[in-house]
Each structure stands twice: as structure tokens, then as C-alpha cells.
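Order of the sequence lines fixes the chain letters, A, B, ..., with proteins taken first and strands second; residue numbering starts at 1 for each chain.
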Protein chains: 2
Amino acid sequence: MVRAKGGQPSIRDVAQYANVSVASVSRYLNNGGGVGAEKRQAIAAAIEMLHYQPNPIARALAVNEMSSISVILSDISLYGPMKILEGIEEESRRCGYLVSVSLLDADIEKARETVDGLARSRPLGCVIIDLDRTSSTHALISYIRKKMPTVLISDERGQSDVELGAYIGGYEITKYLLSLGHKTVHHVSVPVNNNRYTRTHGWRQALQDAGAPIPEPIAADWDCREANRIGEYLSTLPDVTAVFAGNDEVAAGVIRGLTMAGKRVPEDISVAGFDDNPIASLTVPSITTWRQNFKDFGFRAVRLLRKDETALSSSVALEDQLRDDASRAAFVDQHLIVRESTTRLV
Amino acid sequence: MVRAKGGQPSIRDVAQYANVSVASVSRYLNNGGGVGAEKRQAIAAAIEMLHYQPNPIARALAVNEMSSISVILSDISLYGPMKILEGIEEESRRCGYLVSVSLLDADIEKARETVDGLARSRPLGCVIIDLDRTSSTHALISYIRKKMPTVLISDERGQSDVELGAYIGGYEITKYLLSLGHKTVHHVSVPVNNNRYTRTHGWRQALQDAGAPIPEPIAADWDCREANRIGEYLSTLPDVTAVFAGNDEVAAGVIRGLTMAGKRVPEDISVAGFDDNPIASLTVPSITTWRQNFKDFGFRAVRLLRKDETALSSSVALEDQLRDDASRAAFVDQHLIVRESTTRLV
DNA sequence: TTGAAAGCGTTACCAA
DNA sequence: TTGGTAACGCTTTCAA
């Protein structure tokens, strides 16, 4: 039994053992077509016998494509991006793809280099998780699209291939707060750039539709450092009875700030969050929020990349189809979760 | 100007343009040694001119090793593992390595296949993040070690290459609680298996050293679903004045459970957490905790893998050295953070 | 110091 | 349906 140096058997070993040509084994391995029944048998046996496993690197060199998916994001320790990554990984594993992750440096030149490196590893494609529009990730989107097939997960309609539907969430949660009798809803926003489909815009639209006054939104940071202070600040405003925070952590911070300032939540002020971070059910009071199925966004991203793979021809039509898929699915599996932090205005 | 089909220039193009052999370019690219000054110039110019970037896949095929690091974990949405991953990614990017992530299926056969797949992609090595000892990850450690160079991040002394030092944290936080006048400290543990260096063992040891009674620890789940109930349960016990929870989320849940049951934290009962999850400063009350520098664990893991690379020879001595490094650094950058959830017993 | 050439493990084209 | 063979882009050995 001859073997390649490496220790691992190669396709040549299989061919030899099965008394067929290397080409036949290769065909067998791939589509399976064009191989006679007996050969198939022999090859299968040989593979079994030798515990042969094809070398993905050699394959990648030959076809100029690695069975991998690159995930590009700017901050991995946020709940949403992480859950999306989890979804991407799960679906990729099911398909036998490797998943690589890269954070993009704030320095745009370095970030570009990272992207170049990724592209050189010739993945099936990449998925950009761009929930934080302040980062260099966003600035590089078109650069990345030029380098490899790209699925963008963001809430910017018309640009993104998988939409987060934060708009509808912001709209619904504001509507809910209004339905509790609050005259208006204040908003503490997380950093997003000024496109038209964020939770902030949903919030604004809901107020507008209800004819409610629209207070100036207050900007918080992703890392919630200032959420406390914002809560305290809100407590000094006379007319605040309901607050919609950009995510659950910010909501927790706002609640804390309000509490420290002597306000009771929800009796004096209702506070709602966003995302359904596990923490939202562990605080006092627990946080009313909007549930997003982040993992599913990940699944969908991988599927788009696969589709891309099989439909290389009409790339314009494809793009359109992707968009449709994305918007169609945007409403799935999202809903309001009412907990203790919100109540009817008395 | 001749070019390879792919569009990208190949090493051959560079050689031709620079009027040198392919071999020389290759030498130039790698160690840089064994190339004359003028050739160096010419090659550099050619590379610049053609925007040449070596193909990592072809290189990987030739040397039978890809410049990548595989990260293996069982749950990515926990704060600790995530932060560690962030550290790994950052350091890897600095070194030009790709990092791939894989969750291991609960089904051990499937998990094994995943590992085989990873090994076939011939990474520099892998790092196993094994904070959750109930998973299949733990069962496969020796299997993985056989397949590729491995750095294990866990709190199991003697097995792990990077130790989390949770033991010392558990010890210190318990000591602190005791120093506040509490007769003993109850413990809500997160899932870890029965080795001797977890936070739970640190807790036990601290009690023992102080001659304090050692209550039976209560097991919580990672996902904190039961933390609320455990808090409620603890409120029914007569002698509970201090609780050390396995992590900050569990602490939040316990605090909530206690609060719902009418106890005041910290006036009636002090509660401490672990990890310094950002959420710990956002709750009411904010949570006293133990800060771990997770990111640094990630850095260290990558460095071990690199060292591994350059010291293939005496692998036993190396192993020992790694262990030393790990333990030496275990105490770096960890410390108690006192917040509102703990107070002196009155 | 240099270059020619033989791999590395696949795929894919072209004949048979 | 088969098999021989030339790529794929790089490294590395061996001579010169």
C-alpha cells in the first residue's frame, strides 16, 4: 500500500488501490457522474479502506476557490453580531464550509490589507455584519464587494442583502408604548448612520403616525458607558414618561440612571429595550424588548452565498432575487416581548 | 506583461519581470536570505510594479500548512469565550494568520468529523476554549491533540496550556465577602466538571482557610434561566447573608430572584458575580465582581502556537515551558471590582 | 548566489 | 465511460 509522504493517503493512492485512474476518483468525489457502477464500487471501497479524505487545500488551488466563508465585522462582543456569527457558523458547518472571522481595523489602510488577505484566501464569499455604522467596516463595503462575493447584513435598505428589520421593531415598540397611554416616547439611540431604516427611524415614524411630539433622540455609545448618565439626565426632564432604548444594555443603564435619580421604573417612567438579550430577563425590573432572530439572519446569509455559487450567470437578476428574499423574510420571527419595565401611564 | 489566467500575477510573472528565476523570488519572499543585492532590488521593483501578492493556498499546498489558526469552542455567545476569541483574532491578524471558528456539535461523532475537517485544512494549530466542561468539546480534547498542535484554554491545571485563574478569583472574592463580616458565603456555580481549579474550588478553599462553614453549592445553568429561581430559593434559607455567583449574569438573576422574594441586596444579602461582564455595572444594584482579562488569554494562546512553530525539536521541554508561562501569567491583570451589590454585614 | 525542475494533491481538458 | 496529463502557484532540492 503506497502512500503519499504526508502520511495521509492521496487521491493517487485511492486510484491505485481501486485500479482506476485518478481522474475517475476525482469525478466520483465531485458530482459522481461519469463513473461506471463497478468503478464506483471499487473507489468507494478504496476510500473506505484507506480512510481517504480529500485535501481541501489542493482542491482550492485547482479550482481557485476555498470552501470557506469569511465573516467581517467590527465588534464581536455585541450580542447581535455574535448571534449572527453563531448562525453563520452553524449553517456553514452543515455545508462543510470553514468560517473565518476578521475584525476590521479602525485604520482604513490596515483594514484594506485585511480584506486583501481575506480575498487572497479565496473564500466562497464573505458576509459583512455591519450593525455599527460608525466603523471602518461600513466605509469599505464597496471595496469588499469588488474583491469577492459579498452578503451584507445591515439595516440599510437597498444596500443590504439581509435586512435586520430594526425599523419595524422600532416602530412596533414605540406603538406599544404609545398604546399604554404615553403622550410621547423618548429615544436613546445606539450608533447608526443616517440611513432611513433603523430602529430610530421606526420610532420616529410611529410617533409621527400617532401625531405625537417627536423629542430629539439622545445618542448613546454601544458600550453603554454613558447609559447611566443618560438615565440621570432623562430624570431631570419634566415630560418623560416613556423611553425606548436602542438595545437592552442601554435600557439597563438608563433604568439604572433613572433609579439612582429617584425615579421608579416602570411606575414613573416606562423603559423598553431592543434585541432580547438574555440579560433583559435578569434585571430588576425585567426589560420589555423586541426579539430579533439573529441566528436566522446568519443562516440566511450563508444560503445567499451558496445560491450565488450556483447561479453565476445572471448576476443582476440574482441580486434582485436576493433582495426580495431578504425583505420577505425580514418579518419572520420578530416580536414584542412585554416584561416589567413598561406599564400603562396612570 | 504576461499574467496568469486568474487575473492575479503569479510568482512566475514576478520572476519574469525581474529577470530572475522563480526560485529566487520565492527565497526573497520567505527568509530573504540567499539573494544578491541587485536581484533583491529587481524583485522588489517587480512586486511593486505588478502588485504581486503571494497565493496563500498554493503556499499551503507546498508546505503542507496553512497560515491559519482554528478556534474550537462549544458556545460562542458567552461573554468570556467571546472576549478570548476577540483576543485571538486581534493577535492573529497582527501576525497575518487567518482565524477560523468552529462550534462542536453535541453529537460526538459529528464533532469528530468537524475536527477532522479542521485538521485537513492544515492550520498552524488550534486553540480550544473550554470554559464549559459539560460540552462535547471537553470529551474530544485528546482526540484533537492527536490531530494538530493544540493550545487548551481552560481552568483545569495540568491539562490546560493557558489557565484562566478562576481559582484565585473565586478564592479572593470569597475572602473579600468574609472580610465584610459574613459568617459564610453561599455559592451558585456555573457548569464545570469536577477538576480542582475552578472558581468553585477557590471559593471552597477560602471558606476552609477561614474556618467558615461550607454550604452545598447550588448548580446553575450557563444560560441563567434558573438563576431567578435560585435567588428565590436562597431567600427561603435562614442563614444566607452572602452569595458568590459563578458569573455576572447568574448574579443578576440571583439578585432579581432575591429582590422578587422581598430581600434587599445588599442590605439583607450581599451578592458577588464573576467576569466583569459590562452588564455588571448597569444593573441595580451594580455587581461586585472579579475582573478577568479574557482578551489577554487569547493573545497568549496565539503566541504559544507561534512558539510551537519555531521549536519543533524538544517538544517535551517545550510543553513544560508553556505550562510555566501559563501559570506565571495567570495572575496578571485580574482583580476584584467592588460595586454596590455587596456590603458589610450589620 | 542562482536556476532548473520535481513535487504538493487536486481538477479539467482532451483523447481514446 | 475511461485515463493520461497539463495546469493551479508555490517551495525546495540539487547542480551549476
Side-chain angles (χ1 to χ4, degrees), chain A residues 2-43 46-47 50-68 96 117 119-122 309, chain B residues 2-44 46-47 50-68 96 117 119-122:
Chain A
V2 185
R3 283 217 170 188
K5 290 187 198 170
Q8 334 280 2
S10 78
I11 197 174
R12 211 139 38 208
D13 299 314
V14 173
Q16 192 168 322
Y17 190 94
N19 260 308
V20 301
S21 72
V22 168
S24 292
V25 178
S26 177
R27 275 186 295 255
Y28 171 87
L29 253 25
N30 296 317
N31 35 50
V35 185
E38 9 224 282
K39 303 268 175 194
R40 303 182 68 79
Q41 292 279 327
I43 293 171
I47 287 175
L50 301 172
H51 295 298
Y52 168 74
Q53 302 277 176
N55 180 326
I57 296 180
R59 173 171 214 289
L61 180 60
V63 302
N64 197 32
E65 177 171 277
M66 190 89 175
S67 283
S68 69
R120 253 175 278 129
S121 79
R122 312 231 56 98
E309 189 184 33
Chain B
V2 185
R3 284 217 167 185
K5 291 187 200 170
Q8 335 279 2
S10 77
I11 197 175
R12 211 146 31 213
D13 300 314
V14 175
Q16 190 169 323
Y17 190 94
N19 260 309
V20 301
S21 73
V22 168
S24 293
V25 179
S26 176
R27 277 187 294 257
Y28 172 88
L29 252 24
N30 296 317
N31 35 49
V35 185
E38 5 223 284
K39 304 268 175 192
R40 306 182 65 79
Q41 294 280 327
I43 293 171
I47 287 175
L50 302 172
H51 296 299
Y52 169 73
Q53 303 278 176
N55 179 328
I57 294 179
R59 176 171 213 289
L61 181 60
V63 303
N64 199 31
E65 179 171 276
M66 191 87 177
S67 283
S68 69
R120 252 175 280 131
S121 80
R122 311 231 59 95

Next on the checklist: Regarding Val22(A), tell me which of base, sugar-phosphate or nothing describes its non-hydrogen contacts under 4.0 Å with the strands shown.
Outcome noted: base
Next on the checklist: Rounding to an integer number of Å, can you tell me how far Asn30(B) CG sits from dT12(D) P?
Outcome noted: 7 Å
Checklist outcome for this item: Taking every heavy atom of Met66(B) against every heavy atom of Ser121(B), the minimum-distance pair comes out as CB-O, 3.5 Å
Next on the checklist: Tell me the interatomic distance from Gln8(B), atom CD, to dG9(D), atom P, rounded to whole angstroms.
Outcome noted: 9 Å
Checklist entry - CZ of Arg27(B) versus P of dG9(D): gap in Å, rounded? => result 21 Å
Checklist entry - Which pair of heavy atoms, one from Asp13(A) and one from Gln8(A), lies closest together, and at what distance? => result OD2-O, 4.3 Å
Item to check | d(CZ, Arg120(A); C1', dC8(D)) in whole Å | outcome: 17 Å
Next on the checklist: Is there a side-chain contact between Tyr52(B) and Leu29(B) in this structure, where contact means two heavy atoms from C-beta onward sitting under 4.5 Å apart?
Outcome noted: yes
Checklist outcome for this item: For Val35(B) and Arg27(B), the nearest pair of non-hydrogen atoms, with its separation, is CG2-CB, 3.9 Å
Checklist entry - What nucleotide among dT11(D), dC13(C), dA12(C) has an atom nearest to a side-chain atom of Val63(B)? => result dT11(D)
Item to check | Given dT11(C), dG9(D), dT2(D), the nucleotide with the shortest approach to the side chain of Asn55(B) | outcome: dG9(D)
Item to check | Selected nucleotide, minimal atom distance to Pro54(A) side chain, candidates dA4(C), dC10(D), dT10(C) | outcome: dT10(C)
Item to check | Within-4.5 Å side-chain heavy-atom neighbours: Ile43(A) and Ile47(A) | outcome: yes
Checklist entry - Taking atom P of dT10(C) as reference, at what distance in whole Å does atom CZ of Arg12(A) sit? => result 9 Å
Checklist entry - With a non-hydrogen cut-off below 4.0 angstrom, is Tyr28(B) in contact with a base, only sugar-phosphate, or nothing? => result nothing
Checklist entry - Which residues within residues 35-42 of chain B lie with some heavy atom under 4.0 Å of an atom in DNA chain C? => result Val35(B), Gly36(B), Lys39(B)
Next on the checklist: Less than 4.0 angstrom between a side-chain N/O of Ser26(B) and OP1 or OP2 of dT11(D), yes or no?
Outcome noted: yes
Checklist entry - Quick one: is Ser24(B) getting a side-chain N or O under 4.0 Å of the dG3(C) phosphate, OP1 or OP2? => result yes
Checklist entry - Using a cut-off of less than 4.0 Å, is there contact between a side-chain N or O of Arg59(A) and OP1 or OP2 of dT11(C)? => result yes
Item to check | Distance test, side-chain N/O of Ser10(A) to OP1/OP2 of dG9(C), below 4.0 Å | outcome: no
Next on the checklist: Nearest heavy atom decides the nucleotide; on that basis, is Ala23(A) or Ser21(B) closer to the 5' end of DNA chain C?
Outcome noted: Ser21(B)
Checklist entry - Rounding to a whole Å, what distance do you find between Leu61(B):CG and dT11(D):C1'? => result 10 Å
Checklist entry - Once you round it to whole Å, what is the distance between P of dG9(D) and CE of Met66(A)? => result 16 Å
Checklist entry - Tell me, do Leu50(B) and Gln16(B) make a side-chain contact under 4.5 Å, heavy atoms counted? => result no
Checklist entry - DNA chain C: Val25(A) or Ala62(B), which has the more 5' nearest nucleotide? => result Ala62(B)
Checklist entry - Quick one: Arg122(B) CZ to dC8(C) P, roughly how many Å, whole number? => result 14 Å
Item to check | Heavy-atom pair with the smallest gap, counting every atom of Ile57(B) and Leu61(A) | outcome: CG2-N, 3.7 Å
Checklist outcome for this item: Smallest heavy-atom separation, Pro9(B) atom then His51(B) atom, equals CG-O, 4.2 Å
